[in-house]
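See below for the structure under consideration.
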Amino acid sequence: MSVFAFLIGTLSLAAAIGVVVAAKPVHSALFLMANFATLAILYVLLDAQFLAAAQVIIYAGGIVILILFVIMLIGHDPADHSHQDLTRPAMASLVLGAILLMSLGLQLTGHLEVGTDGGIASGGSPSAIGTELFTRFLLPFEFVAILLLVALIGALIMGRRESGEPEEPAG
Amino acid sequence: MVPLQAYLTLAAFIFSCGLYGALARRNAIAMLMAVELMLNAVNINLVAFWRYGPNREDLAGQTFAIFVIAVAAAEVAVGLALVIAIYRSRKTVYLDEIDLLQG
Amino acid sequence: IENHRGDAANRGSGLLLTLSLLVAAGAAVAAFAVRGESGLMFQDSARSDALSFGIRLIVLATTILVLLVGSRYVSTFTRYPGEYYSLLLLSATGMMAMGIASDLMVLFIALETFSLSLILLAGMYRHNRSSTEASLKYFLLGAFASGFFVYGSALIYGVTGTVSFSGMGPALQVAADGGPGAVLLWAGIALLLVGFGFKLSLVPFHMWTPDVYQGAPTSVTAFMSVGTKTAMFGALVRIFLMTFPYGFENWTGPLIVLAVLTMTVGNVTALCQTSIKRMLGYSGIAHAGYVLAGLVPGTETAVNSALFYLFAYAFMNIGAFIIVMAIEHSVETDVERSQLRGTGAAMPVLAGFMALFLFSLSGIPPLAGFFGKFLIFRSILDGGLAWLAAVVVVNSAVSAYYYLRIVVTMYFQQRPQEVHAPQSSPAMQVGMVLAGVMVLAIGVFPAFFMGLLMVPGL
């Protein structure tokens with residue numbers, strides 16, 4: 001079982017690297033889809049079934065499709081090889097990533113009293129999460145509603161063509 | 001048994017990929033995708049901590065992950081609307097060409 | 001309401017303005033009504049206490065002042081004022097939610113709510129390219145900040161096993177004392193601080209601020225500069241001083257460096273700015289440095305001094321922005337210092353109020369700014385950091401120079417070109433007078449306002 005998990009993990013990591021390195025945005029969007037799909041499998045391995053479904057539906061099904069729409073709308077996307085010249089901030093981020101990795105991954109040998117891995121956790125099912133959402137975490141649930149309202153208004157006013165703007169550019 | 005550290009390492013790696021993408025890519029849409037990667041790395045952490053945490057009946061980790069997904073969806077919607085607005089007025093999505101305001 | 005076209009749209013936006021003002025005033029009355037009780041609500045997700053009341057008060061005061069700027073200014077940059085008012089109120093909701101947040105989830109969602117609405121408000125002046133560009137720039141750095149913020153919260157959730165601040169104490173105590181998960185906790189706090197740094201535009205993370213302040217419409221810049229600082233400093237106090245066992249103890253070193261850097265870089269760069277909005281942007285960074293310096297000792301007086309300073313900063317900063325709005329031409333959303341020459345003679349009232357706000361910003365005695373700085377000094381000296389107080393004094397002197405330089409330009413330099421009438425609507429004048437009166441009132445009766453914002457024991 002753990003070999004399978006490691007395989008999926010490396011696959012999702014490869015997809016993540018693909019997103020960042022791919023020259024054409026369409027390729028990175030497809031790598032992103034692959035990354036989301038592999039993460040969904042990881043969540044199933046971690047007994048979070050509802051989250052895996054949410055991940056596939058919302059992320060892989062919704063967000064990546066939206067990004068592909070916009071890439072298509074933008075039309076021409078010449079391959080941008082900007083990442084060849086590793087700019088200074090990019091180096092900084094690699095270093096920071098290494099620090100994160102070191103501090104979190106390797107050093108923590110058995111630091112947390114880790115729950116037993118055996119046994120199927122009942123927590124992942126939608127009904128369990130549903131009750132949690134409407135009982136313990138009602139306030140964050142309401143505030144997410146306000147946040148989505150803001151995003152709705154925003155997408156509307158930004159997407160709307162202002163009166164003075166030229167007609168939709170050809171191509 | 002897959003140790004917790006493996007998931008943390010994976011999340012740290014994916015977060016660094018997202019960080020690199022957000023910093024180094026000139027294309028605004030590629031940067032948006034990199035930000036999505038960062039938020040996904042957070043989700044891996046949350047689910048791993050919930051699964052390996054002491055009490056699995058307390059679903060705080062998973063619920064937080066669901067809220068992060070909702071927030072990421074809202075962010076992408078606004079981000080893409082902005083990219084379209086900028087493309088419509090300036091015909092480019094390359095950030096260094098957009099830079100009107102000096103630093 | 002504003003869907004029908006023609007002049008009705010103007011009447012519509014007037015109606016919208018009054019409606020939004022009613023909503024904000026109603027919220028303020030509710031805030032005072034609920035001030036008494038304090039405690040946890042919604043299964044430990046929210047906490048109402050003196051700190052959340054203080055943040056609520058400052059955010060509502062800011063919202064009412066910015067709304068008072070009035071419908072004429074809004075109609076210069078957008079034909080759809082409905083969205084402007086709704087986003088402004090939603091952003092205020094997000095900031096107040098950050099004040100009452102008592103768990104990591106509500107904190108993150110509130111942060112996202114007010115950041116997204118500010119991003120959209122900044123981009124509302126669609127015909128002006130720098131506005132949409134400022135909005136994209138603010139978006140990318142906002143997404144960055146929340147990525148770090150939520151990664152840090154995930155790590156803290158990992159260490160403590162719970163999301164709610166009230167349940168976190170014991171596990172944090174164990175981890176902070178070097179028990180299991182100490183490294184995880186350290187990494188989580190560091191990432192949270194990076195997130196705070198971006199939002200508060202502390203120095204290593206401040207690069208985006210001036211561009212966004214200059215690009216966004218001025219009323220949005222005013223609201224953004226005060227609201228974000230209030231909400232984020234409230235969250236900083238809530239997390240570090242009320243939840244973590246050792247508060248800032250093992251973090252005083254980096255925080256002092258951050259505060260000193262923020263003050264100095266903010267002031268020095270503000271010196272060489274010609275655009276008023278960019279100068280106010282950089283000076284805003286410096287003020288964030290003063291408040292952070294005041295907070296470093298982490299005592300009760302530190303929190304009170306920070307809240308009081310933010311309350312005073314709200315009025316004087318928005319007052320200055322209102323004058324900029326009155327003076328700027330409708331097409332340009334920026335005012336150069338040279339354009340202010342001779343306004344002392346040409347528009348005495350405006351110049352008088354601008355001088356009042358600038359004196360207060362630079363900390364001249366009888367005004368609010370002075371007393372805010374006085375409390376910050378007292379908190380730093382109580383904390384035993386005399387040299388830090390000296391740094392704050394030097395910085396205030398530098399800031400006094402570039403603030404008073406504008407007063408000199410207004411009063412003692414002749415006006416070369418013709419005078420164009422300032423476009424200030426009656427509502428804007430009411431806002432200006434209200435801000436001026438409050439700046440004087442806070443300066444003259446500080447005890448009353450200190451009592452209002454008092455956060456008892458931590």
Side-chain angles (χ1 to χ4, degrees), chain A residues 16 46 51 63 67 70 88-90 92-93 95-115 123 129 131-166, chain C residues 41-46 78-80 82-84 86-87 90-91 93-94 97 100-121 123-127 132 135 139 148 151 155 158-159 161 163-164 175 179-184 186-188 190-191 194:
Chain A
L46 283 166
L51 201 68
I63 291 180
I67 290 179
V70 172
R88 192 175 46 76
S93 78
V95 167
L96 185 77
I99 293 171
L100 262 178
L101 160 78
M102 187 271 296
S103 76
L104 309 185
L106 307 180
Q107 232 204 10
L108 314 170
T109 48
H111 78 286
L112 281 175
E113 66 292 340
V114 177
I129 293 185
T131 43
E132 285 285 311
L133 271 183
F134 286 97
T135 50
R136 264 185 66 199
F137 302 114
L138 186 61
L139 191 63
F141 191 71
E142 300 302 330
F143 278 126
V144 164
I146 294 179
L147 173 67
L148 292 177
L149 175 64
V150 168
L152 185 71
I153 296 175
L156 178 76
I157 58 176
M158 277 299 154
R160 168 171 46 195
R161 181 175 310 116
E162 281 294 312
S163 57
E165 278 185 1
Chain C
M41 304 175 283
F42 291 107
Q43 287 91 21
D44 301 356
S45 292
T78 171
R79 282 178 50 242
Y80 306 104
E83 280 89 0
Y84 172 82
S86 55
L87 281 175
L90 284 170
S91 166
T93 322
I100 63 165
S102 171
D103 76 16
L104 288 169
M105 283 197 244
V106 176
L107 203 69
F108 172 58
I109 294 168
L111 167 73
E112 273 300 308
T113 314
F114 82 77
S115 304
L116 275 189
S117 18
L118 284 177
I119 287 162
L120 294 162
L121 282 166
M124 275 197 105
Y125 193 177
R126 293 287 298 281
H127 292 303
T132 32
S135 161
F139 172 82
F148 276 103
Y151 199 98
L155 294 186
V159 168
V163 225
S164 97
V183 175
L184 214 56
W186 176 84
L191 286 165
V194 169

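Proteins come first, then strands; the chains are lettered A, B, ... in the order of their sequence lines, and each starts at number 1. Given the structure is predicted, the values throughout are model-derived calculations rather than measurements.
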Original post:
By a 4.5 Å heavy-atom criterion (distance strictly below it), what part of A:L156 contacts chain C: side chain, backbone, both, or neither?
Top reply: side chain
Original post:
Distance from C:L107 atom CG to A:F143 atom CZ, nearest 0.5 Å?
Top reply: 11.0 Å
**OP:** Kindly indicate, with the supporting measurements, whether the criterion side chain to side chain contact (heavy atoms under 4.5 Å, CB included) is fulfilled by C:L90 and A:L149.
**Re:** CA-CA 9 Å; C:L90 284 170; A:L149 175 64; 4.1 Å; yes
Subject >> Which atoms of C:S86 approach chain A - backbone, side chain, both or neither, heavy atom under 4.5 Å >> reply: side chain
Original post:
What are the two closest heavy atoms between C:M124 and A:M158, and how far apart are they?
Top reply: N-CE, 4.2 Å
Subject >> Minimum-distance pair of heavy atoms, taken over all atoms of C:I109 and A:P140 >> reply: CD1-O, 3.7 Å
**OP:** Can you tell which part of C:L87 gets under 4.5 Å to a heavy atom of chain A, answering side chain, backbone, both or neither?
**Re:** side chain
**OP:** For A:I157 and C:E83, work out which heavy atoms get closest and say how close.
**Re:** CG2-CG, 3.0 Å
**OP:** Pick out which of C:L120, C:L118, C:I119 makes a side chain to side chain contact (heavy atoms under 4.5 Å, CB included) with A:V150.
**Re:** C:L120
Original post:
Is the shortest heavy-atom distance from the side chain of C:D103 to the side chain of A:L139 under 4.5 Å?
Top reply: no
**OP:** Evaluate the side-chain proximity of A:I146 to C:T93: yes if any heavy-atom separation is below 4.5 Å, no if none is.
**Re:** yes
